[in-house]
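Contents: one structure, followed by commentary.
Hydrogens, waters and symmetry mates are skipped; everything else that's a heavy atom, side chains included, is used. Reminder, nothing fancy here: chain letters follow the sequence lines and each chain counts from 1.
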Amino acid sequence: MTVPGSWYLILSALLFSLGALGFFTRRNVLIMFMSLELMLNAVNLTFVTFSRMLGDIGGQTMVFFVLVVAAAEVVVGLGIIMAIFRRRSSATADDLSIFRG
Amino acid sequence: MIDLLATQIALPDLITFLIAGCAVVLGALGVVFMRNPVHSALSMIMTLFAIAILFIEQDAQFLAAVQVIVYAGAIVVLFLFVIMLLGVDKKEYLGKDRLRGQRPLAFLAVLIIFVEILTLSRGNWATGAKATVLSTTSPITNVEQIARTIFTTYLLPFEATSVLLIIAVVGAVVLVRRSEERTVGEGQAIELEAESEMK
Amino acid sequence: MMLLPLAGAVFNMAFGKKLKRPLAGVIASLFVAASFVLAVITWLGLLSKASNQRVFNYTLFNWISAGNLHLNFGAYVDPLSVTMVLFVTGISALIHFYSIGYMGHDERFSTFFIYLNLFVFAMLVLVLSGNFVFTFLGWEGVGATSYWLIAFWFERPTAAAAGKKAFIVNRIGDFGYLMAVFLLFNYLGTLSYSQVFSGVGNLSHGTVVAIALLFFVGAIGKSAQLPLFVWLVDAMEGPTPVSALIHAATMVTAGVYLMARIAPILHLTAGVGTIVAYVGAITAFVAAMAATSQTDIKKVLAYSTVSQLGYMFLGIGTGQYIAAIFLMVTHAFYKALLFLGAGSVIHGMHDEQNIKRMGALRKFMPVTAVTFIVAWLSIAGFPPFSGFFSKGDVLAGAYEKSVILWVIGAVSAILTAYYMGREVYLVFFGKQRFDPAVKVHESPKVMTVPLYILAILSAFGGALDLPISHLRFLEDWLTPVFAHSLAPSTISSATRFVLGATDGVLAAIGIAIASSLWIKSASRPAAEPAFLAAGWGIDRFYDRAISRSSTRLSQFFSTVIEVKVVDGATMSVASLVGLVGKYVRKVQSGYIRNYALYISVGALLILGYFLTRVGA
């Protein structure tokens, strides 16, 4: 008997929360980005867990798509960061707060 | 509780889960709390590896491989490249947040997120008949199962992702390219700068 | 039929600038002429029907359908509207042709014809509409186009001011009209003529009186009756064909038409009829007095128009609707002729308008002189010209109603003959008082031919409704329209004959006085008091009473109310918003993670709500 699915779900909830925490508190854009990836991975883990619990391969297929989208997102996101850094030479998202009220 | 676990769960599975789970959480904590971005990226590799292990543990061998190759192999390396290239591997000050109330509110929100996700995962929200794409118990291998679904049921989304990847590549090139004329990204950056200078 | 002038206007708007000078005018004129031909065809069609079946209601399309309000765009054809359309299009066509000559040197030649076409279109909408709203549309259209036409030479400040004045004074009338329409809709729930007239009998007397009076206010504004006639005189600043069009053929008769149209309403309220009759009679007299002292060739005619319109209202008020329409038609003939003749004189004299500086023009412009004299005899009511018959009918009706009305009318008749005689003698007879160096010339054919046609109509237009039992064509034609609303004729034919003879004598007296005074001399200050020359000082009165006090009120508003109340309110609202913004703007920190936090808090709240609702 393997580890019950609920344990995996608790673990992914924890991972998602940590990712959210990182996104809310860190100022470095790159680290905010990584936190985002953590959250995505938490969701992936949930998908796979449910796939096993329900005996359906659909969950894993969905993870595959999430991976593709995440890869695309990272490429574009890092491109944007590069473009901004080239002008401002700063890695802090807070420095981009020129749109504040 | 422990003996309950001991009787029901095979020991290798339990040990694997515990170690991998600890690695996931530790890695995540590392990402969030390391002051150096390089360390954060390395911590993330740990998390991603551990998740790959958990994938294998749950009979998702193909995804585990993809996880290692794409995430650990490509994405994190990309992150590290950017960090090095931009030379921002300085330590970040993690003391008091400039935004008043941001940090307590963030902790509170994260707590609520955690509780709500747990509540969600406990309940049985779905109603009606279950739509099974392809049963995991079929005799073919995991890779073949995923391949079948991707090239039959999810063919259109799959094609869409290929378009998405092309767009992402073109977009990245346009954003990063350095040229005589102003590119889109640079133009925006110049505007941002001008605006900040005005203040 | 009514769309043709619009088509002409649109055509000229599109191509007018590119066309050679006369062509734009010719095209515009042809459109109106075609409209006239169609009107004649319609008329012949109606004529072939039995007299009680001569009402048609063509519906082109449904314009508005909201709640109880259903408005159809279409034509309401009955003998009254066809009569109107016939002379409106006929005279408009003549004036169009005349304008080709008169406006020949103007820079904005095609623009002028666009306005003229639009004007005729608006007038036709007014006349042919089957409900009060479309009548109002035409009513306003006429008002707007008349503003453009009067202020056509807007480089002259006086012309611009006159246009404005016409527009503003007309607004007062429009207000009355609109109020009446609102009342009608409120009480009857419909605005189509046929339904209103069948339902109006059920209304309380007070309501009917209010409606009738408000419509009369509208008619006063449009037809330049007593308190509101000032605009018409100033409207002389427009080009002369415009004066002819506005005065004779179209705009001012709109009020008379409206009053005739609502005859079933007026019929229910004898008191309002009396008011209308008195206002008309007094207007006729006041305007005639003012006309005796004018020196501008067109202003005399303007006051004369006001006076004649007074006669028409006198006819309406005494229940003699047919007589009023008859006078309107004949007046259209001779007043158009007078204006076009005056225009011809002005054109020939190179824009000289002062009759004191004319004289002996009959030698230079024989055609204009002869046709003008025909019109003069006609307006004076000299038998057997058309004015004699039409005015005779009105005065006979007035005599039936009250002798006082008849006396006022008769005195005005003498005055009419007198002031017109004065004008004719000063312009065409006597000594030459202008600079001999000025080369006076007769007008071109395109201007004189309409004069001929109108002169024939003025001379023999009386034949439309001869006071002999079998020759009352117009009366037979229009009687089905008014049916019950007509005041029954009680006077004997002998009395009628005496009255007619009196009219002729009165005209002769007026002409005699004029010839004795003015044929030799051009300067008789005693007969031209400044007070009358200034139009009874009504303009000055308005200036004092209304313009200045309203200016003062406006100043009060601009210095006190505006600054303290309006600005104060605005500023305090603004500062309140600013104050709120000062605190709220902190939300807009500009930090991405801050925003993300807010977003997730919102999402969490929603999710939490559903969890507590469903999960429990």
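Using a 4.5 Å cut-off between heavy atoms, L15(A) contacts chain B through its side chain alone, with no backbone atom that close. Using a 4.5 Å cut-off between heavy atoms, L29(B) touches chain A through backbone and side chain atoms alike. Using a 4.5 Å cut-off between heavy atoms, S40(B) touches chain A through backbone and side chain atoms alike. At a 4.5 Å heavy-atom cutoff, F23(A) makes no contact with chain B through either its backbone or its side chain. F16(A) touches chain B through its side chain: at least one heavy atom from C-beta onward sits under 4.5 Å away, while N, CA, C and O do not. Heavy atoms closer than 4.5 Å to chain A are found in both the backbone and the side chain of A41(B). At a 4.5 Å heavy-atom cutoff, the contact between F62(B) and chain A is made by side-chain atoms alone. Proximity to chain A is absent for every atom of F81(B), based on heavy atoms less than 4.5 angstrom apart. For chain B, no part of S12(A) is nearby; none of its heavy atoms comes within less than 4.5 Å.
Once rounded to the nearest 0.5 Å, the distance linking CG of L38(A) with CE of M44(B) reads 6.5 Å. Between the CD1 atom of I31(A) and the NE2 atom of H39(B) there is a distance of 10.5 Å, given to the nearest 0.5 Å.
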Q.
Quick one, F33(B) with L21(A), criterion side chain to side chain contact (heavy atoms under 4.5 Å, CB included). Give me CA distance, side-chain angles, the key distance, then yes/no.
A. CA-CA 10 Å; F33(B) 293 110; L21(A) 187 67; 3.8 Å; yes
Q: Dump the intermediate steps for side-chain hydrogen bond (donor to acceptor under 3.5 Å, both in side chains) on N142(B) and Q60(A), then the final yes or no.
A: CA-CA 9 Å; N142(B) 175 254; Q60(A) 297 190 20; 2.8 Å; yes
Q. Do Q58(B) and L45(A) pass the side chain to side chain contact (heavy atoms under 4.5 Å, CB included) test, and can you show the C-alpha distance, the side-chain angles, and the key distance before you say yes or no?
A. CA-CA 10 Å; Q58(B) 299 199 75; L45(A) 186 57; 4.0 Å; yes
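Side-chain atoms of F64(A) and T149(B), non-hydrogen and from C-beta on, never get closer than 4.5 Å to each other. Contact check for W7(A) versus L14(B): side-chain heavy atoms found under the 4.5 Å cut-off. Looking only at side-chain heavy atoms (C-beta outward), I51(B) and N44(A) stay at 4.5 Å or farther from each other. Counting heavy atoms from C-beta on, the side chains of F17(B) and L11(A) come closer than 4.5 Å. Two residues are said to be in side-chain contact when any heavy atoms from C-beta on lie closer than 4.5 Å; N41(A) and Q67(B) meet this criterion. At a threshold of 4.5 Å between non-hydrogen side-chain atoms, the residues M82(A) and L85(B) count as touching.
Across all their heavy atoms, L67(A) and Y71(B) have their closest contact at CD2-CE1, 3.0 Å.
A perpendicular orientation is assigned to the rings of Y154(B) and F65(A), their planes being inclined by more than 60° (bins at 30° and 60°).
Interface remark: of the candidates T61(A), V75(A), V76(A), V74(A), T61(A) forms the most heavy-atom pairs closer than 4.5 Å to chain B. Per-residue counts of heavy-atom pairs under 4.5 Å with chain B were compared for G58(A), G22(A), A13(A); the largest is that of A13(A).
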Sequence neighbours left out, cut at 3.5 Å: what donor-acceptor pairs do the side chains of residues 165-176 of chain B make with other protein atoms?
none

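Within the structure, no pair that satisfies the salt bridge (Lys or Arg N to Asp or Glu O under 4.0 Å) test touches residues 60-87 of chain B, not counting sequence neighbours.
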